[in-house]
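Here is how names work: the chains are called A, B, and so on, in the same order as the sequence lines, proteins then strands, and each is numbered from 1.
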2 protein chains.
Amino acid sequence: MTTMGDVARIAGVSASTVSHVLNGTRNVNAATRLRVEAAIEEVGYRRNGVARSLAAGRTHTVGLSISALTNPYFGSLVHAVERALSDAGYVLIVGDSHDEVTSEQRVTGSLLDRQVDGMIVAPAAGSEHTTLPEITRTGTPLVLIDRGVDVGCDRVVPENFASAKTLTEHLLDLGHRRVAVVRGLAGITSTIERFDGYCAALSGRGITVDPALVIDGESSTDVAERQVHALMSDADRPTALVSLNNAMTIGTLKAVRGLGLSIPHDVAFCCYDDFEWSDLFEPRLTAAAQDVETIGVKAVELLLRRIHGDDDAAQHIRVPTTFHHRNSCGCG
Amino acid sequence: MTTMGDVARIAGVSASTVSHVLNGTRNVNAATRLRVEAAIEEVGYRRNGVARSLAAGRTHTVGLSISALTNPYFGSLVHAVERALSDAGYVLIVGDSHDEVTSEQRVTGSLLDRQVDGMIVAPAAGSEHTTLPEITRTGTPLVLIDRGVDVGCDRVVPENFASAKTLTEHLLDLGHRRVAVVRGLAGITSTIERFDGYCAALSGRGITVDPALVIDGESSTDVAERQVHALMSDADRPTALVSLNNAMTIGTLKAVRGLGLSIPHDVAFCCYDDFEWSDLFEPRLTAAAQDVETIGVKAVELLLRRIHGDDDAAQHIRVPTTFHHRNSCGCG
DNA sequence: GTGAAAGCGCTAACAC
DNA sequence: GTGTTAGCGCTTTCAC
């Protein structure tokens with residue numbers, strides 16, 4: 001491997017000069033610079049980022065801890081984060097938390113060991129007592145995404161309550177009185193807030209929440225399918241269904257179809273989260289679309305600000321959803 | 001920041017002993033180990049991975065260069081790769097090549113600078129003359145995925161030719177004679193091989209390829225939608241359509257629906273790549289499903305073998321697709 | 001405008 | 001079973 005010393009020798013300068021031409025950190029005589037650049041070219045020199053990071057104390061690396069399994073938005077989120085980071089000269093290390101604190105700690109521990117300059121975490125349930133304090137203790141800038149947890153750091157999460165409320169109210173407005181809900185993984189704020197939105201819509205109309213109509217889909221396609229199948233097999237089944245995230249929507253749709261029921265004729269349907277194919281589906285899905293792209297970009301923005309030394313009060317950003325009124329609800 | 005020296009001092013041992021208990025690299029007296037562990041616990045010591053990497057000459061890091069834009073499988077691929085790597089104690093750095101050599105070089109250059117122990121690349125068109133040689137020159141283990149390029153290194157790619165041929169033949173078997181094809185990004189092997197499969201199916205039946213029925217979808221949803229729209233607006237439109245990847249399938253379906261045409265009644269349809277919702281769609285999509293999961297896992301397997309010093313001849317793995325016979329083709 | 005030298009925090013001979 | 005020591009390849013004061 002060729003080092004900076006090799007380049008320096010060939011160019012007839014000191015290593016520090018090579019370093020400075022590489023980094024533009026001080027004025028270098030044009031002729032000297034040229035000699036250095038020629039030498040670099042000649043030996044095909046490539047700087048060692050590890051040594052650089054050790055000496056400089058910064059790695060220009062950011063870690064992302066997320067659960068791929070329960071987050072079908074994984075792709076677009078990672079994509080948005082990667083792009084924003086890359087534009088700022090950082091690289092992204094991804095780790096899968098499996099939505100479980102033990103693996104989350106393994107992931108974030110490994111990121112911390114690697115001296116990431118900052119971290120973006122979609123916290124698993126229980127994370128506020130384990131992983132998160134561990135991170136903040138190191139002083140590593142941290143921003144939470146997807147789910148909010150109160151640990152006094154920046155976070156950017158989707159609008160949950162109002163969106164779920166709107167979805168439910170829409171069904172209520174169409175005359176439905178028995179509206180079932182498929183709810184996500186227990187213990188995470190998005191599940192809680194969306195479910196609260198559902199409840200608020202009902203009470204706003206003087207309807208009490210019927211526990212029999214509350215299904216725990218655990219943010220899983222399979223679980224949702226099983227549970228919805230059971231519920232809809234009942235003679236006394238609901239006339240409308242709200243699914244609170246994309247994975248469960250697929251399960252719900254499978255169950256409904258498996259039963260030979262038709263949407264919206266036999267059961268009206270609205271869902272939180274949109275799909276690329278929502279418009280292609282028959283019937284087209286009425287949905288609250290989350291803006292993952294923005295969530296990723298904003299998270300990076302906040303993080304970079306912290307990395308660059310900003311220490312204002314923690315910011316809490318809510319990214320609004322878009323209501324796509326199509327016809328699975330029974331309209332149009 | 002607390003260092004190994006601090007821990008050593010507190011435990012009353014040398015730094016090297018601390019290093020050895022941390023890494024299990026030599027026998028340490030049980031009592032000594034306990035003292036060290038207590039000291040580590042006491043100060044909340046966490047090893048500095050950067051220093052470690054510099055001294056050890058390995059980073060336990062692998063880079064992945066891929067195009068998220070044209071690869072809707074991004075999520076599952078990254079997920080599979082991350083999991084396999086994580087199981088082996090490695091972390092993953094992802095970079096987006098945008099399917100364009102310039103950004104690809106930026107990405108891989110940055111990965112090389114960071115001294116990744118190995119690299120997985122889904123090469124952009126033209127990569128064999130730029131990026132790839134640059135990587136191999138550094139001696140960094142490299143495995144290609146998704147598209148094969150002949151640079152003498154390991155690769156794992158999907159079955160393309162036979163799958164596309166099967167799809168086309170199926171349509172031909174159903175009596176179609178005017179079968180159009182929506183073809184991917186020019187210059188990459190998957191596009192070429194799949195298109196060859198289409199051509200082979202036709203010639204096998206004595207049909208010559210009609211250039212008017214060959215659409216360039218450029219692996220893009222929008223382009224495919226526009227082009228299919230144009231083609232299908234024609235009075236003399238084809239009676240069947242084959243789309244050669246998932247992004248273009250969505251565009252194709254949008255175009256067909258936009259024209260008020262029905263599948264398979266007005267036009268029969270088969271596609272390369274499957275979706276989670278293929279079974280939910282009306283009609284259910286007949287498709288050749290790629291096994292991205294396996295591609296990712298195999299790629300990591302090959303890479304780790306190289307990283308661990310194996311230098312056998314380059315391996316070329318083809319991962320078979322699964323033919324899902326549903327009813328967009330006109331059957332059932 | 002340029003160089004010398006002291007680290008950054010760790011690993012791994014090597015010696016005992 | 002443990003300590004000493006010499007780097008790993010770079011950045012960055014400090015001096016000239």
Q: Drop me the distance from A:Leu142's CG to A:Thr108's OG1, to the nearest 0.5 angstrom.
A: 9.5 Å

Q: Anything under 4.0 Å to a heavy atom of chain B counts; send over the first and last such nucleotide of DNA chain D, read 5' to 3'.
A: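 Contact span on the strand: D:dG1 to D:dG9.
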
Q: Do B:Ser110 and B:Arg114 have a side chain donor and acceptor closer than 3.5 Å?
A: yes

Q: Could you tell me how far apart A:Asp113 (CG) and C:dC10 (P) are, to the nearest whole angstrom?
A: 10 Å

Q: Can you measure from SG (A:Cys153) to CG (A:Leu302) and round to the nearest 0.5 angstrom?
A: 10.0 Å

Q: So, do B:Asn23 and B:Arg52 sit near enough that their side-chain heavy atoms are less than 4.5 Å apart?
A: yes

Q: According to the interplanar angle, ranging from 0 to 90°, do the rings of B:His79 and A:Phe74 count as parallel (below 30°), tilted (30 to 60°) or perpendicular (above 60°)?
A: perpendicular

Q: Of all of residues 3-19 of chain B, which get a heavy atom below 4.0 angstrom from DNA chain C, listed by number?
A: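 Contacts with DNA chain C under 4.0 Å: B:Thr3, B:Met4, B:Ser16, B:Ser19.
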
Q: To the nearest 0.5 Å, how far apart are CG in A:Asp117 and CG in A:Leu111?
A: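 CG of A:Leu111 is found 12.0 Å from CG of A:Asp117.
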
Q: A:Gln115 CD to C:dG9 P: how many Å, rounded?
A: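 In whole Å, C:dG9 P lies 9 Å from A:Gln115 CD.
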
Q: When rounded to the nearest 0.5 angstrom, what distance separates CG in A:Asp154 from CG in A:Leu144?
A: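 Going from CG on A:Asp154 over to CG on A:Leu144, the span is 9.0 Å.
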
Q: Where along residues 23-32 of chain B does a heavy atom fall under 4.0 Å from DNA chain D?
A: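 Those residues whose heavy atoms fall under 4.0 Å from DNA chain D, taken from residues 23-32 of chain B in numerical order, are B:Arg26, B:Asn27, B:Val28, B:Asn29, B:Thr32.
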
Q: Minimum heavy-atom separation for A:Gly118 to A:Thr140, with atom names?
A: CA-CG2, 3.8 Å

Q: Using C1' atoms of five pairs at each end, report the bend of the helix from C:dG1-D:dC16 to C:dC16-D:dG1 rounded to 10 degrees.
A: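 Taking the rotation axis at each end, their angle is 30°.
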
Q: What is the distance from atom CG of A:Asp87 to atom CG of A:Leu304, rounded to the nearest 0.5 Å?
A: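 With rounding to 0.5 Å, CG (A:Asp87) is 10.0 Å from CG (A:Leu304).
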
Q: Using the ring pair (Phe, Tyr, Trp, His ring centres under 6.0 Å) criterion, which residues pair with B:His60? Sequence neighbours excluded.
A: B:Tyr90

Q: Contact list please: residues 37-63 of chain B against DNA chain D, heavy atoms, distance less than 4.0 Å, in numerical order.
A: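 Within residues 37-63 of chain B, the residues near DNA chain D are B:Leu54, B:Ala55.
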
Q: CG of B:Leu64 to CD of A:Glu82: how many Å apart, nearest 0.5 Å?
A: 10.0 Å

Q: Check each of B:Glu100, B:Glu104, B:Glu134 against B:Ser127 using the side-chain hydrogen bond (donor to acceptor under 3.5 Å, both in side chains) test, and report the only one that passes.
A: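 That would be B:Glu104.
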
Q: Let me see the working for A:Tyr45 and A:Leu22 under side chain to side chain contact (heavy atoms under 4.5 Å, CB included), right down to the final yes or no.
A: CA-CA 11 Å; A:Tyr45 171 73; A:Leu22 240 26; 3.6 Å; yes

Q: So, are B:Arg83 and B:Glu293 salt-bridged, with charged N and O less than 4.0 Å apart?
A: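 A salt bridge links B:Arg83 with B:Glu293.
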
Q: How far apart are the C-alpha atoms of B:Leu185 and B:Asp99, what are their side-chain angles, what is the distance that settles it, and do they pass the side chain to side chain contact (heavy atoms under 4.5 Å, CB included) test?
A: CA-CA 9 Å; B:Leu185 211 55; B:Asp99 250 333; 3.6 Å; yes

